[in-house]
Amino acid sequence: MENREFARLLAETGDLMEIAGEDSFRIRSYRNAAGIIEGYPERIADILADPDRKVTDVPGIGKGIGAILHEIAARGSFERRDELLKKYPATALELLKIQGLGPKAVALLYEHLQVATIDDLERVCKEQKLRTLPRMGAKLEEKVLKAISQYRKSVGRYLLSYAEKMAEDVSTYLRAGDGVERITAAGSFRRGRETVGDLDLLVTGPDAEAVLERFAAYSRIHSVLGKGTNKVSAKVGLEGMQVDVRALPADSYGAALQYFTGSKDHNVALRTRALKMGLTLNEYGLFQLEDNRRVAGETEEQIYAALGLAWIPPELRENQGEIEAALEGRLPRLLEQRDIRGDLHMHTRETDGRATLEEMAEAAKALRYEYIAVTDHSKSLAMANGLDEARAVAFAQRVRDINQRGELGIHVYSGLECDILRDGAMDLSHDALAELDLVIASVHSHMNLDPAEMTDRLMKALECPHVRVLGHPTGRILLHRDPFPFDFERVAAEAARRGVAMEINSSPERLDLNGTNARIAKSKGCRFILSTDAHHPRHLDNMRYGLVTARRGWLEAADVLNTLGLEQFSALLRHS
DNA sequence: GCCGTTTTCGGCCCGACTGTTTTCAGTCG
């Protein structure tokens with residue numbers, strides 16, 4: 001059993017305990033253990049199986065949870081979880097995902113109205129029965145109905161990071177068998193879309209049939225949707241993501257890759273262009289209309305070239321002007337991973353991060369970065385133990401000392417992710433902000449202002465002379481919370497005018513700005529930073545998600561400030 | 001339930017908003 005499974009069972013039980021109204025500190029221990037196990041570098045199952053090791057040596061795992069882990073390893077569940085599942089149905093857990101409903105409401109709904117599913121919940125809201133429960137009223141019914149529709153929009157879609165892991169897992173599994181030459185994930189995943197519906201895996205090799213058979217036998221499949229000689233479709237993993245594996249002949253690999261990468265609009269435009277040239281394009285190749293002679297198909301490059309186009313990076317294939325640009329030889333030279341010289345947004349144990357500054361620096365060094373900025377939260381994020389003025393100033397001094405000693409082997413900028421208060425003011429005094437190298441201003445509260453008020457708030461925040469970056473500018477959480485509405489173009493233009501960079505936050509839950517907004521902001525003259533918002537050393541690896549997002553925004557190295565080397569970036573901070 | 005430790009039990013997480021109240025419980029970040 002993998003760590004994720006142990007973690008899921010613990011976290012799920014934590015949710016059930018919350019519905020049951022159990023002690024909040026005990027619940028926290030379950031969730032804390034789940035979080036630690038999920039990120040633990042070793043397999044918990046291996047530790048449990050090793051008689052010379054004790055699972056309680058893992059921090060956060062004591063006697064109680066240690067015993068639970070052994071029980072899970074033995075039989076896939078544990079007593080407390082089983083008991084809770086007798087009391088509340090597993091489907092009730094889904095109700096917690098509805099914004100505005102917490103554990104108390106879920107318990108009440110189940111006990112009084114037997115609400116166990118989202119459909120039940122929708123029904124009682126529409127029948128105006130929710131308001132019969134204590135402390136619940138018409139407003140809540142309305143809010144819940146809205147939250148249900150938001151929730152439904154998100155099911156069946158998965159974060160890019162989830163799709164990536166799925167693609168890797170399935171590919172690794174298939175490669176371990178015979179008959180595989182190449183496996184490539186196509187579709188919206190290859191285009192770097194922030195969420196992915198289903199995953200298309202293209203396989204070439206000498207024995208395609210065996211590969212499909214092998215996939216159909218994959219242990220993580222829980223239902224096979226279709227099985228033919230060219231393709232197997234199945235629901236895979238706990239969340240039932242649809243994965244299609246297609247076996248292809250090697251000579252049409254490029255055509256299939258092009259076809260299944262899409263987007264639909266891009267492909268329609270390409271096929272239209274092909275027709276005008278007396279050609280026809282399908283997933284098997286590019287053919288002459290008159291004699292059906294094949295012109296291209298083995299590689300994507302051949303197909304684009306035969307259509308008179310430069311090869312178009314997948315991230316741009318949305319029919320948003322990329323075909324014209326390819327024709328005229330003015331495709332952007334998109335940002336690449338190796339252009340990134342540092343990470344400018346991360347948290348440490350000072351606030352809600354999991355590691356120390358030194359540990360974050362070590363991880364950044366392993367990525368060959370030249371610099372990082374440590375940007376913990378400010379005081380109004382009390383839950384995260386945000387920094388007040390005194391702590392911020394002391395932190396700036398500590399960082400100066402660290403750099404002077406030079407023992408970390410990487411330059412550290414003292415930073416802060418400073419909350420933008422409701423009225424647009426900064427959470428810390430300007431005097432304190434002036435001590436720091438890099439201030440990111442971010443909204444973490446009052447996200448439901450009307451658009452005009454939110455626009456004013458952001459415009460006001462940009463006035464602060466110490467603000468260098470607008471952090472996760474639209475505040476969205478993918479599959480969970482829509483961006484807050486405001487006049488984006490106006491704010492982007494103002495940021496450009498004041499030299500405040502827009503952040504492309506690479507956290508797979510955010511990807512904020514998205515590609516579309518990045519492109520708009522670029523047209524307004526904005527510059528950008530790419531950063532991970534890491535709360536753990538391994539989150540520094542998330543930069544690749546921000547990278548594809550920036551590429552979807554047509555960004556080049558020159559648009560992104562943290563492509564500058566240490567000297568130049570320091571000079572920029574000094575002189576602006 | 002975990003941790004740290006005055007090694008046996010107390011501390012752990014807090015402020016603000018919302019919608020419902022009539023003084024506040026529940027939710028969120």
Side-chain angles (χ1 to χ4, degrees), chain A residues 6-7 9-11 13-37 54-72 78-81 84 95-109 125 128 130-147 150 347 349 351-353 376-388 417-423 427 442-450 453 471-472 475-477 480-482 484 507 509-510 533 535:
Chain A
F6 285 105
L9 293 176
L10 288 174
T13 305
D15 286 348
L16 287 166
M17 288 162 73
E18 202 169 29
I19 293 172
E22 295 190 27
D23 174 60
S24 66
F25 293 113
R26 179 170 299 182
I27 293 166
R28 192 205 290 176
S29 292
Y30 275 68
R31 289 187 175 149
N32 186 38
I36 287 164
I37 288 172
K54 288 203 299 262
V55 75
T56 48
D57 288 341
V58 177
I61 312 288
K63 267 172 72 179
I65 291 183
I68 287 172
L69 293 175
H70 277 288
E71 198 178 343
I72 293 175
F78 56 101
E79 198 175 339
R80 175 167 224 110
R81 175 169 179 269
L84 284 162
L95 297 176
L96 287 174
K97 293 185 181 157
I98 301 297
Q99 261 209 314
L101 283 194
K104 294 286 191 297
V106 171
L108 216 53
L109 278 161
C125 284
Q128 307 193 339
L130 190 91
R131 63 182 69 178
T132 62
L133 296 178
R135 304 194 75 86
M136 297 192 188
K139 281 261 179 68
L140 186 66
E141 284 172 351
E142 201 179 308
K143 184 176 168 185
V144 166
L145 284 172
K146 224 176 117 188
Q150 157 89 24
H347 299 270
R349 287 207 185 125
T351 61
D352 59 351
D376 271 310
H377 289 289
S378 63
K379 67 185 176 201
S380 77
L381 227 59
M383 176 203 169
N385 186 28
L387 272 58
D388 60 12
E417 186 182 19
C418 187
D419 261 51
I420 300 173
L421 303 181
R422 181 179 181 141
D423 63 357
D427 188 25
S442 301
V443 167
H444 290 115
S445 59
H446 309 287
M447 299 197 193
N448 53 354
L449 303 184
D450 75 66
E453 205 179 346
H472 44 72
R476 72 167 176 180
I477 303 291
H480 185 63
R481 185 174 75 208
D482 283 336
F484 44 74
S507 161
E509 288 87 30
R510 288 191 183 271
D533 202 351
H535 286 67

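Bear in mind the structure is a predicted one, so any value in this text is a computation, not a measurement. Throughout, protein chains are lettered first and strands after them, A, B, ... in sequence-line order, and every chain is numbered starting at 1.
- A/R131 pairs by the side chain to side chain donor-acceptor pair (under 3.5 Å) definition with A/E141, not counting sequence neighbours.
- Within the 4.5 Å cutoff, the side chain of A/E71 has no heavy atoms near those of the A/R81 side chain.
- Base-pair partner of B/dG19: B/dC24 (Watson-Crick or G-U wobble, both distances under 3.5 Å).
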Side chains of residues 378-387 of chain A: which donor-acceptor pairs under 3.5 Å do they make with residues two or more places apart or in other chains?
residue : atom : partner : partner atom : Å
A/S378  : OG   : A/D419  : N            : 2.9
A/S378  : OG   : A/D427  : OD2          : 2.7
A/K379  : NZ   : A/E389  : OE1          : 3.1
A/K379  : NZ   : A/E389  : OE2          : 3.4
A/S380  : OG   : A/D419  : OD2          : 3.2
A/S380  : OG   : A/D427  : OD2          : 3.3
A/N385  : OD1  : A/R391  : NH1          : 3.3
A/N385  : ND2  : A/E350  : O            : 3.4

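- Residue A/A147 is out of contact with every strand shown, counting any heavy-atom pair closer than 4.0 Å.
- At the heavy-atom level, A/L101 lies under 4.0 Å from the strands shown only through sugar-phosphate atoms.
- Using bins of under 30°, 30° to 60° and over 60° for the plane-to-plane angle, the ring pair A/H444/A/H377 lands in the perpendicular bin.
- Using a 4.0 Å cut-off between charged side-chain N and carboxylate O, A/R80 and A/E22 make a salt bridge.
- Separation of the P atoms belonging to B/dT5 and B/dG11 is 15 Å when rounded to the nearest angstrom.
- Considering all non-hydrogen atoms of both residues, A/A33 and A/G60 come closest at CB-O, 4.0 Å.
- Counting non-hydrogen atoms under 4.0 angstrom, A/P134 reaches nothing in the nucleic acid.
- Here A/R481 lies in heavy-atom contact (under 4.0 Å) with sugar-phosphate atoms only.
- Take the nearest nucleotide of DNA chain B for A/G100 and for A/S24: the residue whose nucleotide is more 5' is A/S24.
- Taking every nucleotide of DNA chain B with any atom under 4.0 Å from a non-hydrogen atom of chain A, the first and last of them, 5' to 3', are B/dG1 to B/dG29.
- When the P atom is used for both B/dT7 and B/dG1, the distance is 24 Å, rounded to whole Å.
- Separating the C1' atom of B/dT23 from that of B/dT18 is a span of 15 Å, rounded to the nearest Å.
- Here, B/dC2 and B/dG15 have their C1' atoms 26 Å apart, quoted to the whole Å.
- Residue A/R80 is in sugar-phosphate contact alone, with no base atom involved, counting any heavy-atom pair closer than 4.0 Å across all strands shown.
- Where A/A382 and A/S445 meet DNA chain B, the nucleotide closest to each residue was compared, and A/A382 sits on the side nearer the 5' end.
- As judged by a 4.0 angstrom heavy-atom cut-off over every strand, A/K143 is placed among residues making no nucleic acid contact.
- Looking only at side-chain heavy atoms (C-beta outward), A/Q99 and A/Q150 stay at 4.5 Å or farther from each other.
- If you check every strand for non-hydrogen atoms under 4.0 Å, A/A33 touches nothing.
- Taking atom P on both B/dG19 and B/dG4, the two are 42 Å apart, rounded to the nearest angstrom.
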